[in-house]
Novice: 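One structure, pasted below without further comment.
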Amino acid sequence: MTADRLNPADLAPPAGFSHAVTATGSRIVFLAGQTALDETGQVTGADLPAQFDRALGNLLTALRAAGGTPADLARVTVYTTDVAGYRDHARELGRIWRAHAGRDYPAMALIGVVRLWDEEALVELDGVAVLD
């Protein structure tokens, strides 16, 4: 994928995301929402950072199965049942992101939700990637 991450000077400086991403490639991969489910279907992680770590790992596992890498992500949406907790852990979540996906941030959104499919889940991530 050829990606240009655009962050216009007329917008507030982004932290942990890009304002816009243009992508050129030959395949689009739509990644289903991933929570902190382990291989047996059980939610793991007692807190939001631990669940974010597992959910992001699961999202990237699906992406790799499609032949992609974290740099191919054009868009990620994060759903959480605890927006205040997400903000409180923003630095730690950023470190987790960089450990898994590096510093090429996709366009992102954070959406607060009442609950997720699995009641124990605190966070879910879905995404769109463009592959060469």
Side-chain angles (χ1 to χ4, degrees):
M1 166 181 79
T2 301
D4 290 316
R5 289 148 185 14
L6 307 170
N7 295 300
D10 294 348
L11 298 175
F17 68 96
S18 293
H19 283 293
V21 176
T22 62
T24 304
S26 60
R27 289 187 348 165
I28 298 174
V29 180
F30 297 93
L31 298 162
Q34 299 292 326
T35 61
L37 292 179
D38 66 12
E39 299 82 8
T40 67
Q42 300 300 309
V43 174
T44 63
D47 61 14
L48 198 143
Q51 287 196 17
F52 182 88
D53 185 45
R54 181 64 185 238
L56 179 58
N58 289 347
L59 186 79
L60 296 177
T61 295
L63 176 58
R64 287 185 186 100
T69 68
D72 296 319
L73 287 169
R75 168 109 179 128
V76 170
T77 303
V78 179
Y79 306 89
T80 183
T81 60
D82 185 5
V83 173
Y86 192 96
R87 290 178 64 101
D88 290 345
H89 293 288
R91 287 184 189 266
E92 184 176 1
L93 298 174
R95 285 191 295 273
I96 292 167
W97 178 276
R98 289 186 299 279
H100 281 282
R103 293 187 176 271
D104 289 329
Y105 297 108
M108 295 182 76
L110 173 70
I111 299 172
V113 297
V114 174
R115 67 162 285 202
L116 296 163
W117 181 262
D118 295 301
E119 287 189 52
E120 305 85 12
L122 302 172
V123 65
E124 182 171 332
L125 290 81
D126 70 18
V128 177
V130 179
L131 282 55
D132 286 328

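As the structure is a prediction and not an experimental result, all values here were calculated from the model. Positions are given from 1 along the sequence.
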Novice: Over all heavy atoms of both residues, which pair between Pro49 and Ile96 is shortest? Give the atoms and the distance, please.
Specialist: O-CD1, 3.5 Å

Novice: Look only at the side chain of Asn7 and the backbone of His19, and say whether a donor-acceptor pair between them is shorter than 3.5 Å.
Specialist: yes

Novice: In the single-linkage hydrophobic clustering (I, L, V, M, F, W, Y; side-chain heavy atoms under 4.5 Å), do Leu59 and Val43 co-cluster?
Specialist: no

Novice: Between Val83 and Gly112, what is the shortest heavy-atom contact and its length?
Specialist: CG2-CA, 3.5 Å

Novice: Could you walk me through whether Leu60 and Gln34 pass side chain to side chain contact (heavy atoms under 4.5 Å, CB included), step by step?
Specialist: CA-CA 9 Å; Leu60 296 177; Gln34 299 292 326; over 6 Å; no

Novice: Please identify each residue that fulfils salt bridge (charged side-chain N to carboxylate O under 4.0 Å, His left out) with Arg54, with sequence neighbours left out.
Specialist: Glu39

Novice: Do you know the tightest heavy-atom contact between Ser26 and Asp132?
Specialist: OG-C, 3.0 Å

Novice: Distance check, rounded to the nearest 0.5 Å: Asp38 atom CG versus Thr44 atom OG1?
Specialist: 5.5 Å

Novice: Any heavy-atom pair between the side chains of Asn58 and Thr35 that's under 4.5 Å?
Specialist: no

Novice: How far apart are the closest heavy atoms of Val21 and Arg5, and which atoms are they?
Specialist: CG1-NH1, 3.6 Å

Novice: Looking at every non-hydrogen atom in both residues, tell me the closest pair between Gly102 and Trp97 and how far apart they are.
Specialist: O-CD1, 3.4 Å

Novice: Going by the side chain to side chain contact (heavy atoms under 4.5 Å, CB included) test, name the single residue among His100, Glu92, Arg95 that passes it with Asp53.
Specialist: His100

Novice: Could you see if Val78 belongs to whatever hydrophobic cluster contains Leu93? Use Ile, Leu, Val, Met, Phe, Trp, Tyr and a side-chain cutoff under 4.5 Å.
Specialist: yes

Novice: Report the relative orientation of the aromatic rings in Tyr86 and Phe52; use parallel for angles under 30°, tilted for 30 to 60°, perpendicular for over 60°.
Specialist: perpendicular

Novice: Distance check, rounded to the nearest 0.5 Å: Thr80 atom OG1 versus Leu48 atom CG?
Specialist: 4.5 Å

Novice: Is there a path of hydrophobic side-chain contacts, each under 4.5 Å between heavy atoms of I/L/V/M/F/W/Y residues, joining Leu31 to Phe17?
Specialist: yes

Novice: Pairs under 3.5 angstrom only: tabulate donor-acceptor contacts from the side chains of residues 116-127 to other protein residues two or more places apart or in another chain.
Specialist:
| residue | atom | partner | partner atom | Å |
| --- | --- | --- | --- | --- |
| Asp126 | OD2 | Tyr79 | OH | 3.3 |

Novice: Anything under 3.5 Å between a donor and an acceptor, one on a side chain of residues 66-77, the other on a protein residue two or more places apart or in another chain? List them.
Specialist:
| residue | atom | partner | partner atom | Å |
| --- | --- | --- | --- | --- |
| Thr69 | OG1 | Ala71 | N | 3.4 |
| Thr69 | OG1 | Asp72 | OD2 | 3.3 |
| Asp72 | OD2 | Thr69 | N | 2.8 |

Novice: Locate the shortest heavy-atom distance separating Asp47 from Ala50; write the atom from each residue and the value.
Specialist: OD1-N, 3.0 Å

Novice: Counting neighbours of CZ on Arg87 that are heavy atoms of other residues, nucleotides or ligands and sit closer than 6.0 Å, is the number greater than 12?
Specialist: no

